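Data block below; observations after.
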Amino acid sequence: MSKQVRVRFAPSPTGPLHIGGVRTALFNYLFAKKYNGTFVLRIEDTDQNRYVEGAEEYIIDSLKWCNIPFDEGPGKNEKFGPYRQSERKDLYKQYANQLIANENAYYAFDTSETLDFQRKNHEAKGKTFIYNWHNRLKLSNSLSLTKEEVKAKLDAGDDYVIRFKSPQDETLHLKDIIRGDIKIDTNVLDDKVLFKSDGMPTYHLANIVDDHLMEISHVIRGEEWLPSLALHYQLYKAFGWDAPQFAHLPLILKPTGKGKLSKRDGDKLGFPVFPLEYTSTNGEVSKGYKESGYFADAVVNFLAFLGWNPGTEQEIFSLEQLISDFDLDRVNKAGARFDPDKIKWFNHHYMQKQSDTDLAEAFQKNQAELTNIDVNYIALVVGLIKERATFVKDFWDLSSYFFVAPETYDEKASKKAFKEDTKSIMTEVLNIVSNIEDFEVETLQSQIKGWITSKEIGFGKVMMPLRLALVGALQGPDVFDIMFMIGKTESIKRIEKLIETL
């Protein structure tokens, strides 16, 4: 890259950060780090009516949890600050005025009633109302009014907006890193509002001005902004500025592959669509990936594959590997289907990479029955059962018998394991276990398996009821590992209880 890479993630603080927004932030972060660039966070809060208290902090906390913190932004390395658009509003008016002065924009005084009438009138004729070259001279604006009339309206404090003056009969040739060359007929473009009389710019003006002043080299954003690309290119041209390179990421689709992923999809199918748990202003709680037991590394690895393809069969990537291998050239145009089962697959993998001690501490923290149990013992148990788990919350169902003796025996398993001679067989097993002094896995295995072989008994006739005695079901790791872990006394008690039950 000949120019220093500076990218930005520019969310609006109108609620929780959607997982699609996290994917956008991630791709910006990976691109910046790959080229030793800067990842900027800018808060686009020009729409004060939709501003939600605490949303900015939620966004920042989400980026931190995902291990993709910004280099520059609110309260951090404010080289081009401030980074909240509401704190920059005084500078936008001068740029709007500049566009009016060079005849690339104009004042429009049309009332909402007038515009609504125009829309309905066009609809009645089967047409769509577009405010542009076709009709702007018939409406109330500084192109159709005299200078004196415009001045009088401004002096009187009449409401107005400043609109961009889209050119007529031109073809725009635009470039997008992901989409390639794009051609746009300017005759179909409307004259977008850039500035309102309340002193606030619209997204379009603020976005372009901020990207220019913050020296953004690449704008990497969601596909939903693709229709704005023509206007943004024209604004750069109108100001006489060099445009950044643009890359519009593919949509994240519903699990069915049809339509954009929404919160409703997560609610219906039982998976989060937000990185962290979020409580709305009306008290509604939405699940987060963190609180649902997902590891940040798993979420990031999964999100990287929503639209990007490394070109190999490899699926597991550390953040460092993602930075090294990521490039926009390998981002797809087509939408990426969100697969709730795939992110669980990633989480299972990252579960296995966690230390048994760290997992044991998390397990103990969330399970009241483990409060007074040595964490080192819990870690040994975790090491035996984590391969079967996807989340820490799965551990108790997989391992409760290591801590508490089973009170009942699985009915289906009992029918399979209990035969007429089971009681006499288990009585002999009890005798063998009682006489083993060196209560180690190898000794237990040698003594019990040796006895089974010498008696020419089927292994299932012994091992199934033995497992039921210890676990209460036909599940769990090696029987001899379980016996060693719970100890001789507890093993004997459980076998005795099974015999009494029989």
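This structure is a prediction, so every number in the text was calculated from the model and none was measured.
Checked against a 6.0 Å centroid threshold, the rings of Phe391 and Tyr294 count as neighbours. Ring centroid separation for the pair Phe271 and Phe338 comes in under the 6.0 Å cut-off. Aromatic rings of Trp241 and Tyr95 (six-membered ring for Trp) have centroids within the 6.0 Å cut-off, being under it. Taking the six-membered ring for Trp, His218 and Phe31 have ring centres closer than 6.0 Å.
Of the possible donor and acceptor atoms, none in the side chain of Glu224 sits under 3.5 Å from a partner among the backbone N and O of Leu226. The backbone N or O of Ile343 sits nowhere less than 3.5 Å from a side-chain atom of Asn347 that would complete a donor-acceptor pair. The closest donor-acceptor contact from the side chain of Glu87 to the backbone of Tyr83 lies at 3.5 Å or more, if one exists at all. His348 contributes a side-chain N or O that, together with a main-chain N or O of Ala389, makes up a donor-acceptor pair within less than 3.5 Å. Side-chain atoms of Ser62 come within 3.5 Å of backbone N or O of Tyr58 as a donor-acceptor pair. Here the side chain of Ser217 pairs a donor or acceptor atom with the backbone of Arg6 at under 3.5 angstrom. Judged purely by atom type and a 3.5 angstrom limit, Thr202 uses its side chain to pair as donor or acceptor with the backbone of Val193. With hydrogens and angles disregarded, a donor-acceptor distance shorter than 3.5 Å links the side chain of Lys386 to the backbone of Gln354. Side-chain N or O atoms of Asn332 include none that pairs as donor or acceptor with a backbone N or O of Ala334 at under 3.5 Å. Of the possible polar contacts, none joining the Glu291 side chain to the Leu276 backbone as a donor-acceptor pair under 3.5 Å is found.
Each side chain to side chain donor-acceptor pair (under 3.5 Å) pair with one or both residues in residues 267-279, not counting sequence neighbours, appears once here: Lys263-Asp267. Legend: salt bridge (Lys or Arg N to Asp or Glu O under 4.0 Å) pairs involving residues 152-163, not counting sequence neighbours, sorted by first then second residue: Lys151-Asp155, Lys153-Asp158.
Few gaps surround NZ on Lys196; more than 12 heavy atoms of other groups in view lie less than 6.0 Å from it. More than 12 heavy atoms of other residues, nucleotides or ligands shown are found within 6.0 angstrom of NZ on Lys34. Atom CG of Asn372 is surrounded by 12 or fewer heavy atoms from other residues, nucleotides or ligands within 6.0 Å. For CD of Glu103, the number of neighbouring non-hydrogen atoms (other residues, nucleotides, ligands) closer than 6.0 Å is 12 at most.
Using a 4.0 Å cut-off between a side-chain N of Lys or Arg and a carboxylate O of Asp or Glu, Arg42 and Asp211 qualify as a salt bridge. A salt bridge is defined here as a Lys NZ or Arg NE, NH1 or NH2 lying under 4.0 Å from an Asp or Glu carboxylate O, and Asp190 with Lys192 meets this definition.
Aromatic ring pairs are classed by plane angle as parallel below 30°, tilted from 30° to 60° and perpendicular above 60°; the pair Phe346 and Phe305 is tilted.
Using a 4.5 Å cut-off on side-chain heavy atoms (C-beta onward), Trp225 and Phe246 make no contact. Counting heavy atoms from C-beta on, the side chains of Phe80 and Leu213 never come closer than 4.5 Å. The side-chain heavy atoms of Leu172 and Tyr233, taken from C-beta on, include no pair separated by under 4.5 Å. Pro255 is listed as a side-chain neighbour of Leu261, based on a closest heavy-atom distance under 4.5 Å. Side-chain atoms of Ile323 and Tyr29, non-hydrogen and from C-beta on, do get closer than 4.5 Å to each other. The shortest distance between side-chain heavy atoms of Thr186 and Ser166 does not fall below 4.5 Å. Looking at His18 and Val273, their side chains come closer than 4.5 Å, going by heavy atoms from C-beta outward.
Partner of Asp191 under the side-chain hydrogen bond (donor to acceptor under 3.5 Å, both in side chains) criterion, chosen from Tyr106, Tyr131, Trp133: Tyr106.
Considering all non-hydrogen atoms of both residues, His248 and Gly222 come closest at CD2-O, 3.5 Å. Closest heavy-atom contact between Pro272 and Lys287: CB-O, 3.6 Å. Considering all non-hydrogen atoms of both residues, Ile68 and Val22 come closest at CD1-O, 4.4 Å. The minimum heavy-atom distance between Ile59 and Ser12, with the atom names listed, is CD1-O, 4.2 Å. Scanning both residues, Pro74 and Glu56, for their nearest heavy atoms gives CB-OE2, 3.8 Å. Scanning both residues, Ala362 and Val392, for their nearest heavy atoms gives C-CG1, 4.1 Å.
Between the side chains of Asp327 and Tyr35, at least one donor-acceptor pair of N or O atoms lies under 3.5 Å. Side-chain atoms of Tyr92 and Asp210 form a donor-acceptor pair, as typed in the model, at a separation below 3.5 Å. No hydrogens or angles considered: a donor-acceptor pair under 3.5 Å links the side chains of Ser86 and Asp45.
For the pair Arg23 and Phe27, the cation-pi criterion (under 6.0 Å, within 45° of the ring axis) is fulfilled.
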Please list, one pair per line, the donor and acceptor atoms closer than 3.5 Å that link side chains of residues 115-122 to other protein atoms, with sequence neighbours excluded.
| unit_1 | atom_1 | unit_2 | atom_2 | d |
| --- | --- | --- | --- | --- |
| Asp116 | OD2 | Lys120 | NZ | 3.3 |
| His122 | ND1 | Gln118 | O | 2.8 |

List the steps and the verdict of side chain to side chain contact (heavy atoms under 4.5 Å, CB included) for Glu215 and Thr38. CA-CA 10 Å; Glu215 299 180 4; Thr38 303; over 6 Å; no

